[in-house]
Amino acid sequence: MNILVLGSGGREHALAWKIKQSPLLDKLYCIPGNPGTKDLAENVNIDLNDFETIIRFVKNNNIELTIVGPEDPLVNGIVDEFNKNGLAIFGPSKAAARLEGSKRFSKDLMQQHNIPTASYATFDNIDDATAYISKLPSYPVVLKADGLAAGKGVLICSNQDEAFSAINEIMADKKFGKAGETLVVEQFIKGDEASIFAICDGENYCILPASQDHKKVGEADSGKNTGGMGAYAPAPLVDAGILAIVEDRVLKPTLKAMIDQGAAYRGLLYIGLIISEGEVHVLEYNCRFGDPETQAVLPLVKSDLVPFFMAAAGGSLKGMHLEIYDKCAMDVVLTSGGYPDSYAKSKPINGLDKVENNVIVFHAGTVYKENILVTSGGRVLNVVAVEKNFKECAKEVYTAINKINFEKMYFRKDIGFKVLK
Ligand code: GLY
């Protein structure tokens, strides 16, 4: 069958890499893809929010399955448009994607269904938000823009002044546009984060290996938040006991709540957790695979994922089980120096041909300029190793990284530090 992956990051390169191994595949397409997917698929340049042109392309090329990488097209309703045209697509409907598209929706749903999450309040106007913050007894506090804000709409404030200026940024200066028209103020919970990915068909689900992202730019989780500087899987933090809690207290009630709302969740449900002293709280839901976690999770999956994506889209996952390799995987992200603030682009990338075959390099912010591979984004490449333990993974990844270079290349040297101790 012909399959299409939508998106252009490291996550989409990893999805294309996995799908390419499927015996069910005839031809793979990526819209728009990146220089990494170019070696696996035909990259086609169409705007991801131009659903009409994408659907025409899908029909003209007999594409039988489409997999959506990023959240924007999902929140904007691409799945509904495909469904209207009788086309198979892996991802949630617009109504179901509100789990990521609206923080207020997801917090209200968790509260109504007793799904463990931090206590919160929501505000539609700046005066009420400011009055609430004035009376807060303790800090830190978490301020979240309600809508999609390209992963930047969550601010952790350590005192009242920071909270006041965050309210102003979000609600008065409209730093995140319409996404900040509603504000969620949330209790801060200290703990370790983990990411759970579940392939869902509305009612049934298959859970992928749990992973841990490294969101901070600096070593030992210091400095600014980024889109993710690296990840590893399986995260030992999510042991069988924690996983049972997640299934019973989070995953099952969430799927049931969505069915009750008339918005059955089909697609990849990403549950962002904070775990402290055996207690689990949901930090957020995302309606798609995580990046960079996917780049560490997919190489651990032995099963062909194409039947799972098809079954999820069609509502028939029941009885299906994923086979997982008994191995560890680690992904270190190479970034342009300066990221997550401003950084230079168009820097030639050297050394990829010297990387040994046991390491996978997934492209993210790269582009060909006059046949030369150059940087084009903050997160440039993902270097991934799969090994019997994390120590071996780290050795292989950092050996490979030593062979790659571009001007002002920056990466964290301590990915996986919590499992390497
Ligand atoms: N790794 C965080 C995210 O994908 O949102």
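Start at 1 and go down the list; that is how both ligands and their atoms are numbered. Quantities reported herein were computed from a predicted structural model and do not represent experimental measurements.
A salt bridge is defined here as a Lys NZ or Arg NE, NH1 or NH2 lying under 4.0 Å from an Asp or Glu carboxylate O, and Lys318 with Glu203 fails to meet this definition. For the pair Asp124 and Arg104, the salt-bridge criterion is met [side-chain N within less than 4.0 Å of a carboxylate O].
In the vicinity of Gly290, heavy-atom distances shorter than 4.0 Å reach the ligand 1 atoms 4 (O). Every atom of ligand 1 is numbered from 1 in the order shown, and the set under 4.0 Å from a heavy atom of Asn286 is 5 (O). Counting atoms of ligand 1 from 1 in the listed order, those under 4.0 Å from a heavy atom of Asp213 are 1 (N), 2 (C).
In the model, Thr117 has a side-chain atom that pairs as donor or acceptor with a side-chain atom of Lys107 under 3.5 Å.
Contact analysis leaves Arg11 out of contact with ligand 1, as no non-hydrogen atom separation drops below 4.0 angstrom.
Polar contact with ligand 1: present for Asp291 (N/O pair, distance under 3.5 Å).
Residue Arg288 holds the heavy atom nearest to atom 5 (O) of ligand 1 of all those in Glu100, Arg288, Glu71, His214.
A cation-pi geometry, defined here as NZ or CZ lying under 6.0 Å from the six-membered ring centre and within 45° of its normal, does not hold between Arg11 and Phe289.
Contact annotation: the side chain of Val384 approaches that of Pro299 to within less than 4.5 Å [non-hydrogen atoms, C-beta and beyond]. Counting heavy atoms from C-beta on, the side chains of Tyr232 and Cys328 never come closer than 4.5 Å.
Looking only at heavy atoms of the protein, atom 2 (C) of ligand 1 is closest to Tyr270 OH, 3.3 Å.
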